[in-house]
Structure formats: C-alpha cells, structure tokens
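Shown next, in structure tokens, is the structure this report addresses.
Every chain is numbered from 1, with letters handed out A, B, ... down the list of sequences. Model, not experiment: these values are computed from the prediction.
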There are 2 protein chains.
Amino acid sequence: MASSIAELIAERIDAMPAGERRAAQTLVANYPVIGLKTVADFSQQAGVSSPTILRFVSRLGFHNYPEFQAALQDELAAQLQSPLTRTVTAPSPDSGKTSPVLEATLNNIHETFRHVSEKQISEIVARLANPRAKIFLIGGRFTDPIAHYMAAHLTIVRSNVFHLTGQESTWRDRLIDMGKRDVLLIFDIRRYQESLIRLAEKAHARGVEIVLFTDQWLSPIARFARHVIAGRTAVPSSWDSSAALFVMAETLIGELTRAMEAESARRIREMEELR
Amino acid sequence: MASSIAELIAERIDAMPAGERRAAQTLVANYPVIGLKTVADFSQQAGVSSPTILRFVSRLGFHNYPEFQAALQDELAAQLQSPLTRTVTAPSPDSGKTSPVLEATLNNIHETFRHVSEKQISEIVARLANPRAKIFLIGGRFTDPIAHYMAAHLTIVRSNVFHLTGQESTWRDRLIDMGKRDVLLIFDIRRYQESLIRLAEKAHARGVEIVLFTDQWLSPIARFARHVIAGRTAVPSSWDSSAALFVMAETLIGELTRAMEAESARRIREMEELR
DNA sequence: AAGACGCCGTACCGTATGTTACGAATTTTA
DNA sequence: TAAAATTCGTAACATACGGTACGGCGTCTT
C-alpha cells in the first residue's frame with residue numbers, strides 16, 4: 001500500500017515503458033508542482049507526448065487527469081495544513097530513511113566549515129583573485145578529480161589556471177614556471193603521497209604560496225603551506241569521504257566568483273561569443 | 001512590495017468589497033491549494049459566484065486566472081525546494097556564520113536524497129555488484145571529475161571499471177567493448193553535451209544499461225537511461241553546484257562496498273600485498 | 001527471418017473551463 | 001427620500017484542455 005503518490009510511482013516505475021518512465025522521473029524530480037500544471041506543460045517538460053502523460057496517470061490507477069491532480073492537491077493540503085507533519089515527516093526522515101553514510105557526510109561538512117574561519121577563506125580568495133598570479137592545482141589518487149573540478153571552474157572566471165595532470169615527471173617540470181607570486185592548490189588526504197610532498201617542498205623553496213586541502217590529521221605538506229583547510233573525512237565505511245573538501249572547493253569558487261564579479265562577467269560574455 | 005501572494009492579499013483585503021473579501025479569506029484559510037483548483041471549485045467553496053473570483057484575482061493584479069495559478073505554483077515550487085531553509089535558518093546558530101552558497105548546497109543534498117528512493121539505489125548497487133558486468137564512466141565538462149572520482153573508488157572494490165577519458169574519438173571507439181550485461185554511468189548537467197547524448201544513444205542501442213546523473217531538468221539522455229538520479233544544482237550564484245551529485249556518488253560507493261564486503265575485502269588485501 | 005505484440009506520437013473531437021455582457025440588488029450620496 | 005454608483009450573479013460564449021482513435025515503428029517471439 002502506498003500512502004503518497006511518490007511512493008506509488010516508486011513501486012510501479014519498473015513496470016512502465018520507457019516514455020511513461022520518463023514522465024514518472026520528471027514528476028519525481030519536480031514533485032509535485034509539474035503535476036499541477038496542464039497535460040501539455042507536463043508532457044513538454046518530460047519530452048514526451050500528451051497521450052503518454054495520460055497513459056502514465058492511468059497506469060497509476062487514476063481514471064482521468066483531473067482525478068490525478070485532485071489527489072496531488074489533497075496530498076499537498078494534508079502536508080501543508082499541519083505544520084507538525086512537516087517538521088516530523090519531512091525534514092527529519094534523516095534519522096530513519098537516510099543512510100548512515102549520508103548523515104556522517106553532512107556532519108563532516110558542517111564540522112569542516114565550523115573549523116574554518118571566514119578570514120582564512122577571504123584571504124585565499126583574495127590571493128586567487130589576483131589576476132597576475134598563476135594558479136596551479138593538483139591532487140592525490142582520490143582527490144585529483146576535485147582539483148580537476150576546481151580547475152575547470154576557475155578557468156571560467158579567470159586566466160592562467162593550470163591543472164597538473166598525467167605522470168609525475170611531466171608536472172614536476174612545470175615547477176620552472178612557478179614564481180613567488182603564484183599559488184599552488186594541493187589536495188592530499190591519507191594515505192599521503194610521496195610525490196606530492198616532494199612537489200610541495202620544491203614549490204615552497206621557490207616561494208610559491210601553497211594552499212593545502214587535507215584531512216583532519218594533516219598531510220605533512222602542511223609544513224610548507226601558507227593556508228591549510230582540514231576537512232573531515234571519516235564515514236562509517238572502510239574508505240574516506242572527500243565530500244567536505246568538494247563542498248569547500250565549491251564554496252571557494254563561489255566566493256571568488258563574487259569577488260571577481262565585474263571581471264568574470266565580462267570574461268564569461270566573451271567566452272559565450274566565442275562559441 | 002509584497003513578495004508572496006498571501007502578503008499581497010493581506011495588503012489589499014481592506015479595500016475589497018464583501019464578496020471578494022470572502023474569496024480572499026477562503027484562499028488564505030486553504031492556502032494555496034484552493035487556488036490551484038478550478039474557478040468553479042473556488043467559487044463554491046467561498047460561497048460566491050465565479051465572476052467574483054475572477055474579479056478578485058484581477059484586483060490582485062493578475063490579467064487572468066491561469067496567470068494567478070502560475071504564480072501560486074511558482075511560489076509553491078520555491079517553497080518546496082527548500083523546506084529546510086525555514087526550519088534550519090531560524091533555530092541553528094550556524095546560519096549567521098555559514099555562507100548562503102553553503103546553505104543552499106546542504107539543502108540541495110537533502111532534497112536530492114528526498115527524491116531518490118532506496119529501491120532505486122539498491123537496484124543500481126545490485127547492478128554494479130555484478131562481477132561479470134563491465135562498468136564504464138564518463139561525464140561532461142564539469143562533471144567528469146566526479147565520474148573520475150567514482151571510477152577511482154570503484155576500482156578498489158571490483159575489477160572491470162573503465163573511466164572514458166580524453167578525446168571523443170577515443171572513447172567513442174570503446175563502444176565496441178560494451179554489451180548487454182554492461183553498465184554505463186553518465187554524468188550530464190546543463191548545458192547538456194551533444195557528444196554525451198550521442199554516446200548514450202549508441203550505447204543504448206547496444207543494450208547497455210545506462211545510469212544517468214543529471215540535474216532536476218533532466219538531460220535528454222534520460223530517454224535512454226534505465227536509472228535517473230536527478231540532483232539539485234541551484235545555488236545563489238551564476239554556476240551550478242555538483243555537490244549533491246558528488247555526495248550521491250559517494251553514497252553509491254559506500255553501499256556498493258557494503259554489498260560486496262566479502263569479495264572487496266579479499267581484493268583489497270591482495271592489493272595491499274602488491275605494494 | 002517473418003510475424004505479432006506493444007509502445008508511442010499525430011490528428012482530431014467533445015467538453016469543461018475561463019471569460020464577458022448585462023441586468024438585478026444593494027449600498028452610497030445628495 | 002430619491003438618484004446614482006457600485007457590486008454581484010445569471011447566462012451565453014469562445015477557447016483551450018483533456019481525451020481517443022488510428023497508424024507507424026521498434027521489439028520480442030517462434
């Protein structure tokens with residue numbers, strides 16, 4: 001027995017043909033507002049034809065579309081009428097429904113940000129906003145994708161962003177391009193990689209400003225780093241979560257975007273024109 | 001200036017004639033559901049005639065009834081998207097410290113998981129746990145790092161994991177290795193990339209099972225996908241956040257690790273010995 | 001490889017829905 | 001108290017919306 005329409009869909013979505021499944025997915029993704037609009041709107045959003053929408057609601061057990069909408073409205077009314085149900089069933093199903101890994105991850109994110117000061121962030125952002133500085137990024141085995149992600153976004157708002165990739169010998173030679181004004185962002189969590197430590201040491205010797213993203217036990221690179229972001233990584237599993245570092249990277253991107261609003265807007269406009 | 005329709009009503013209700021005031025009161029009492037139903041329903045509930053309802057919405061500044069309904073729906077959508085902003089911002093003292101981007105990100109993660117059923121996750125995990133299936137991963141411009149990250153972790157717990165990287169021509173040829181038993185994980189958010197759509201279409205034609213990680217507007221690839229994970233990406237900035245998808249990827253990794261506990265433990269032990 | 005089945009979209013239809021005109025009733029003003 | 005203005009409902013109207021029949025297409029079966 002399904003109490004809500006969302007559950008009903010989850011039950012039957014497997015028995016649906018491709019088109020109707022697509023309808024089900026868009027409804028779930030925009031639940032429930034899209035279902036309150038017209039069949040035409042719904043079908044367009046889902047990328048299928050209107051009859052498919054009607055067949056979809058029919059398969060859910062409704063005799064016609066208005067009956068389906070009425071059910072959605074009743075559900076909505078029941079949900080909105082009693083603020084208790086909302087605070088009990090909606091926001092805190094975290095405890096019952098969500099997996100322990102997710103819960104730990106959210107905790108990690110919170111904790112990580114609690115231990116990072118605004119000043120620290122603004123200082124890093126200020127440094128990244130300097131257009132004359134070159135920015136290099138690199139990460140370890142599991143964290144290099146985050147470095148890559150961050151590089152992709154930094155490239156949007158400013159120039160001179162370089163993601164060090166490939167073999168160690170390749171990017172080790174890039175040291176020659178790094179100077180006092182430049183910044184090296186390193187992601188390194190357990191088990192800390194020897195190659196990264198060597199790189200950090202040499203870069204530090206050249207006067208490069210190092211920003212380190214690591215775990216709460218701190219990579220040895222911290223010794224050379226100007227700024228250290230220590231993210232919580234512990235989850236109830238045999239591996240370490242990098243979600244906190246990922247969110248931290250996004251936050252820096254966001255702050256930097258805001259700080260460079262004028263310049264980055266112009267840059268983005270130019271990029272659009274190049275397409 | 002009134003931000004919500006409810007406020008708009010409160011502002012003007014004194015200047016209304018009796019009939020329209022009744023309409024306003026019933027709308028506030030059953031907000032907003034009654035306004036989503038037909039004019040006839042609304043008028044009957046309020047005990048007035050339909051033209052009175054029309055005059056009422058007209059007095060609120062809307063040109064016609066559908067426009068009024070659209071406004072209600074938009075408001076509802078905005079409200080439902082972030083059910084936590086209200087319950088979180090008030091009680092938690094963090095709200096002063098944390099940036100709006102971070103808050104939105106945490107909301108996105110919550111919302112994303114709310115719209116994904118456990119069954120969906122367990123089915124995907126079951127498929128990934130099949131040792132005979134080959135697993136291919138690929139992503140778009142900003143999401144490919146997530147694919148890369150996930151691939152790095154999947155490699156730990158099982159074999160036959162391939163991250164499609166480099167030029168399009170390179171990985172397009174890998175299609176030949178894909179068969180009915182295999183799984184293709186695609187990350188694709190706005191703006192959806194043509195090349196990925198083409199790949200998905202061809203893979204689908206070969207009977208490959210596609211798992212799509214996209215945003216709430218659903219990449220066109222959803223048409224070919226067996227499973228669709230719709231992550232919230234909206235943050236108060238000019239770019240889209242991928243954090244929800246990242247956490248979702250980690251969750252799948254965690255679940256898979258648990259599901260393959262016996263085998264993966266043996267595999268990890270073997271890897272340790274190889275060092 | 002040929003047939004059968006089921007799915008999906010195009011085109012059309014009937015109707016429920018929003019809309020408007022007009023007159024009765026009620027309130028306001030002189 | 002009478003006239004004027006405003007409000008409100010009845011009834012007729014047009015349109016857009018939900019619904020359906022049909023044919024093409026892909027997929028699975030024997």
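- Relative orientation of the B:Trp239 and A:His153 rings is tilted, given thresholds of 30° and 60° on the angle between their planes.
- A distance-only check finds no donor-acceptor pair linking the side chain of B:Arg127 to the backbone of B:Ala133 [under 3.5 Å].
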Produce the list of close N/O pairs, under 3.5 Å, pairing protein atoms with atoms of nucleotides 25-30 of chain D; give distances to one decimal.
none

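- Residues from residues 13-22 of chain A that place a heavy atom under 4.0 Å from any atom of DNA chain D: there are none.
- Around CZ of A:Arg22, the count of heavy atoms belonging to other residues, nucleotides or ligands within 6.0 Å exceeds 12.
- Looking at A:Gln45 and A:Lys37, their side chains never come closer than 4.5 Å, going by heavy atoms from C-beta outward.
- Checking A:Glu250 against B:Ser241 by side-chain atom types alone, a donor-acceptor pair falls below 3.5 Å.
- Below 30°, between 30° and 60°, or above 60°: for A:Tyr149 and B:Phe142 the angle between ring planes is above 60°, a perpendicular geometry.
- Using bins of under 30°, 30° to 60° and over 60° for the plane-to-plane angle, the ring pair B:His163/B:His148 lands in the parallel bin.
- Both the sub-6.0 Å distance and the 45° axial angle are not jointly satisfied by B:Arg174 relative to the ring of B:Phe136.
- For the 3.5 Å distance criterion, the side chains of B:His110 and B:Arg232 fail to qualify, holding no donor opposite an acceptor.
- Side chain of A:Thr52 to main chain of A:Val48: no donor-acceptor pair is present (N/O by atom type, distance under 3.5 Å, no hydrogens or angles).
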Filtered N/O pairs between nucleotides 3-5 of chain D and protein, under 3.5 Å:
none

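- If you measure from atom CD of A:Gln69 to atom P of D:dG18, you get 7 Å, rounded to the nearest angstrom.
- Although no hydrogens or angles enter the test, the distance criterion places a donor-acceptor pair under 3.5 Å between the side chain of A:Ser4 and the main chain of A:Glu7.
- Checked by atom type, the side-chain pair B:Glu75/B:Tyr31 shows a donor-acceptor distance below 3.5 Å.
- Over its length, the helix from C:dA1-D:dT30 to C:dA30-D:dT1 turns its helix axis by 30°, as judged from the five terminal pairs at each end, rounded to 10°.
- In this structure a side-chain-to-backbone donor-acceptor pair under 3.5 Å is present from B:Thr214 to B:Asp188.
- The closest donor-acceptor contact from the side chain of B:Arg21 to the backbone of B:Ala15 lies at 3.5 Å or more, if one exists at all.
- In 5' to 3' order, the nucleotides of DNA chain C bounding all contacts with chain B (an atom under 4.0 Å from a heavy atom) are C:dT17 to C:dT20.
- Side-chain contact, B:Tyr192 with B:Asp215: a donor N or O sits under 3.5 Å from an acceptor N or O.
- Between the side chain of B:Lys180 and the backbone N or O of B:Val208, no donor-acceptor pair lies under 3.5 Å.
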Point to revise | Step-by-step salt bridge (Lys or Arg N to Asp or Glu O under 4.0 Å) determination, A:Asp14 to B:Lys119 | key: CA-CA 11 Å; A:Asp14 296 317; B:Lys119 194 174 155 202; 3.0 Å; yes
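- Under the 30°/60° scheme for interplanar angles, the aromatic rings of B:Phe68 and B:Phe56 are found to stand perpendicular.
- Contacts between residues 52-65 of chain A and DNA chain C, counted as heavy-atom distances below 4.0 Å, involve A:Thr52, A:Arg55.
- Taking for each of B:Arg223 and B:Thr38 the nucleotide of DNA chain C with the nearest heavy atom, the 5'-most of the two is the partner of B:Arg223.
- Residue B:Pro51 is the one, among A:Pro66 and B:Pro51, whose nearest nucleotide of DNA chain D lies closer to the 5' end (criterion: closest heavy atom).
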